[in-house]
Amino acid sequence: MSVRVRIAPSPTGYLHVGTARAALYNWLFARGRKGVFILRSDDTDTERNDPKYHEDIVTSMRWLGLDWDEGIEVGGPHAPYRQSLRFDRYREVAMSLLAEGKAYYSFATPEQLDGFRKEAQAAGRTPAYDGRFRVDAAEAAERVAAGEKVPIRMAVPRPGLTTFVDSVRDDVTFDHDQVDDFVILRSDGSPTYHLASTVDDVDFGITHVMRGEDILSSTPKHILLTQAMGATPPVYAHLALLMGPDGKKLSKRHGHTALNAYREAGILPEAMVNYLALLGWSPGEDETVVSLDEMIDRFDIDDVTKNPTIFDNDKLEWMNGVYIREMSTDDFVARISPMVEAHLGRPLETDEMGQLAAIAPHVQERAKRLTDVAEQVAFIFGDVVYDDVSWDKVMTTSEAPVAIAAATAGLATLQEWTTDSIEAALRNMLSETELSARKGFQPLRVALTGSTVSPPLFESIEVLGRERAIARLEAAQGRLA
RNA sequence: GGCCCCGUCGUCUAGGGGCCUAGGACGCCGCCCUCUCAAGGCGGUAACGCCGGUUCGAAUCCGGUCGGGGCUACCA
């Protein structure tokens with residue numbers, strides 16, 4: 001049987017990095033097995049759904065490069081792949097379960113349920129509703145006919161046990177007294193997640209379900225439902241959750257949980273994918289930077305780790321740097337120019353594009369995030385903005401005016417304007433003034449770029465051009481006086 | 001509270017009875033390179049939660065304990 005897997009985000013929030021990781025694992029598995037990867041929208045929560053989240057899910061998936069064979073936007077044999085458009089089908093299943101006596105109309109009031117749970121908890125038992133307030137079928141039919149709007153609950157067989165093999169954690173068993181008679185169809189006729197998700201998995205022929213560990217304890221419900229429908233449950237694999245640095249489930253207060261935030265922070269999708277892949281999976285050897293093809297080749301559910309994993313931003317940024325350095329300069333320029341323009345608030349002129357291309361290799365080798373680059377090269381495209389700390393640190397020394405004056409004189413008379421000739425002139429300035437490279441060059445750097453931290457000095461000067469370089473040196477000299 | 005899951009350096013992990021005086025990566029520290037910052041090179045720091053058992057031998061198997069996490073809705 002060919003592999004059919006899915007990722008089913010609910011559009012009640014931006015695509016979460018944890019969901020992105022689950023999506024990646026499913027995708028790798030499908031691609032490695034020549035299977036089918038499906039993107040489905042679990043949008044049964046009509047209250048909290050928002051089109052902007054739906055949009056974000058699609059955009060983020062594409063950004064990561066995780067293409068899907070069937071699903072929203074692309075269609076397929078089970079279109080539309082949106083649960084909100086399949087309510088009739090869920091109702092149909094609920095009704096047939098009802099007819100078969102596997103589910104029932106529940107007249108239990110919230111007060112009764114609440115009382116039951118409190119009592120059970122106080123007695124040290126599991127507060128899972130066991131159907132004790134269930135009324136007989138005849139009465140139920142009568143009351144529903146009379147217009148009572150009540151939910152339909154699953155009649156969980158008790159006593160009973162559900163055991164399943166989880167591909168990442170081996171056998172897991174749940175006693176049915178831990179499983180409540182859960183609602184499958186709400187009193188307003190809408191399906192719950194359990195029903196909709198299970199029906200879809202059955203209808204779409206899903207063979208493997210890889211999802212977050214947070215639904216591990218709901219799995220018996222899904223298995224019971226699947227069996228009640230007369231189908232065979234898929235293979236389950238529950239992924240350990242992503243944690244924040246404090247060991248708690250990754251949430252907003254830890255920083256970014258939305259994938260799009262990383263895109264905006266200048267993270268490359270390739271780096272994100274590589275980092276995410278290693279968060280709970282190991283290619284088996286001492287390797288860290290792994291290409292997508294290699295991942296597809298080597299990925300297997302059995303090699304997924306059981307441990308919860310803490311999301312490490314430092315490592316992500318390091319990896320991003322690795323991918324940035326691996327890019328060709330052309331690609332790099334293509335990717336940073338929009339960011340530079342966004343930073344400047346205007347498009348770059350043709351000659352400015354040339355300047356950007358000229359300085360690019362020098363910032364590429366030291367960049368961690370694409371967004372850093374815009375700041376690092378800003379001095380080329382606008383007026384110099386002096387960083388106060390930098391200024392105070394190097395411009396208040398007695399060497400600063402000496403170095404700047406000598407450098408100005410040296411550069412003004414240069415025949416050629418190349419990195420080499422500039423370097424020669426400035427090194428000559430050093431020996432004339434008897435200044436160390438550090439003492440002599442740092443004031444120039446601040447004068448020209450505004451900061452003690454910048455791309456390499458000689459290259460920066462070359463790209464800046466003679467007029468502007470000299471103007472800045474003179475301006476700084478004037479500011480010193 | 002109940003149930004379920006998990007437990008190797010600070011972090012992500014390799015490891016599935018002797019190959020482990022526990023390997024790799026990020027981070028951190030030091031040195032080198034050097035016009036700044038990075039990058040790069042070299043070196044270093046640092047872990048099998050604890051207690052029992054099984055065994056000639058345990059990070060690896062078993063039990064307990066402690067710790068962490070998840071679930072416990074007419075939310076997904």
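Under the Watson-Crick or G-U wobble criterion, with both distances below 3.5 Å, C61(B) is paired with G53(B). Pairing for C48(B) is absent, judged as Watson-Crick or G-U wobble with the two contacts each under 3.5 Å. Within the shown strands, nothing qualifies as a pairing partner of C74(B) under the Watson-Crick or G-U definition with both distances less than 3.5 Å. A 3.5 Å limit on both hydrogen-bonding distances identifies no Watson-Crick or G-U partner for G17(B). The partner of C26(B), taking Watson-Crick or G-U wobble pairs whose two distances both stay under 3.5 Å, is G10(B).
Between Thr418(A) and Glu423(A), every side-chain heavy-atom pair lies at or beyond the 4.5 Å cut-off. The closest side-chain heavy-atom distance from Gln376(A) to Thr449(A) is not below 4.5 Å.
Contact annotation: Arg366(A) side-chain N/O to G40(B) OP1/OP2 distance is not under 4.0 Å. Contact annotation: Arg427(A) reaches the phosphate of C35(B) (side-chain N/O to OP1 or OP2, under 4.0 Å).
Ser390(A) comes within 4.0 angstrom of no nucleic acid atom, judged by non-hydrogen atoms across all strands. If you check every strand for non-hydrogen atoms under 4.0 Å, Leu457(A) touches a base. Within 4.0 Å of Leu185(A), counting heavy atoms only, lies no atom of the nucleic acid at all. Residue contacts shown for Ser10(A) are limited to sugar-phosphate atoms, with no base heavy atom under 4.0 Å away. The residue Gly440(A) sits apart from the nucleic acid: no heavy atom pair falls under 4.0 Å. If you check every strand for non-hydrogen atoms under 4.0 Å, Ser282(A) touches sugar and phosphate atoms only. Looking at heavy-atom distances under 4.0 Å, Val183(A) makes contact with sugar-phosphate atoms alone, never a base. Using a 4.0 Å heavy-atom criterion, one finds that Tyr275(A) contacts no nucleic acid atom at all.
The base of C3(B) lies outside donor-acceptor range of the side chain of Ser217(A), with no N or O pair under 3.5 Å. No N or O donor and acceptor, one from the side chain of Arg438(A) and one from the base of C35(B), sit under 3.5 Å apart.
Residues Ser197(A) and His222(A) bring no donor and acceptor atom of their side chains to less than 3.5 Å of each other. No side-chain donor from either of Ser328(A) and Asp330(A) sits under 3.5 Å from a side-chain acceptor of the other. Side chains of His238(A) and Thr219(A): a donor on one and an acceptor on the other come within 3.5 Å. For the residue pair Asp43(A) and Gln83(A), no side-chain donor N or O sits within less than 3.5 Å of a side-chain acceptor on the partner. No side-chain donor from either of Glu459(A) and Thr419(A) sits under 3.5 Å from a side-chain acceptor of the other.
Relative ring orientation between Phe133(A) and Phe116(A) is described as perpendicular, the plane-to-plane angle rising above 60° on a 0-90° scale split at 30° and 60°.
Tyr104(A) carries Arg134(A) over the face of its six-membered ring, with the cationic atom under 6.0 Å from the centre and within 45° of the normal.
In this structure, the ring of Tyr262(A) has its center less than 6.0 angstrom from the ring center of Phe311(A). The aromatic ring centres of Phe299(A) and Trp281(A) sit less than 6.0 Å apart. For Phe182(A) and Tyr129(A), the distance between ring centers is not under 6.0 angstrom.
Computed from coordinates, the Asp314(A) CG to U11(B) P distance equals 13 Å when rounded to whole Å. Look at CD1 on Ile215(A): it is 14 Å from P on G70(B), rounded to the nearest Å. Distance Phe182(A) CZ to A73(B) P: 14 Å, rounded to the nearest Å. Straight-line distance from the CG atom of Asp214(A) to the P atom of C71(B): 6 Å, rounded to whole Å. Between Arg125(A) atom CZ and U72(B) atom C1' the separation is 15 Å, expressed in whole Å. Counting to the nearest Å, the P atom of C71(B) and the CG atom of Leu216(A) are 11 Å from each other. Between the P atom of C5(B) and the OH atom of Tyr236(A) lies a distance of 17 Å, rounded to the nearest Å. Look at CG on Asp170(A): it is 10 Å from P on C5(B), rounded to the nearest Å.
Between C33(B) and G41(B), the distance separating the two C1' atoms is 8 Å to the nearest Å. Taking atom P on both C29(B) and U45(B), the two are 15 Å apart, rounded to the nearest angstrom. The separation of A14(B) from G24(B), taken at their P atoms, amounts to 15 Å, rounded to a whole angstrom. As rounded to the nearest Å, U11(B) and A58(B) have P atoms that lie 27 Å from one another. Atom name C1', nucleotides C6(B) and C32(B): the rounded distance is 43 Å, in whole Å.
Of the residues in residues 39-52 of chain A, Asp42(A), Thr44(A), Asp45(A), Arg48(A) come within less than 4.0 Å of RNA chain B through at least one heavy atom, sorted by number. Residues of residues 298-312 of chain A having a heavy atom closer than 4.0 Å to RNA chain B, listed by number: Thr305(A), Lys306(A), Asn307(A), Pro308(A), Thr309(A), Ile310(A), Asp312(A).
Closest approach to the Pro127(A) side chain among C5(B), U36(B), G1(B) is made by G1(B) (side chain taken as heavy atoms from C-beta onward). Taking only side-chain atoms of Thr288(A), from C-beta outward, the nucleotide of C37(B), A25(B), G70(B) with the closest atom is A25(B). Listed nucleotides: A73(B), A38(B), C26(B). Nearest to the side chain of Glu365(A): A38(B).
With the nearest nucleotide of RNA chain B identified for both Val150(A) and Asp171(A), Asp171(A) has the one nearer the 5' end. Residues Thr452(A) and Gln121(A) each lie close to RNA chain B; by heavy-atom proximity, the contact nearer the 5' end of the strand is made by Gln121(A).
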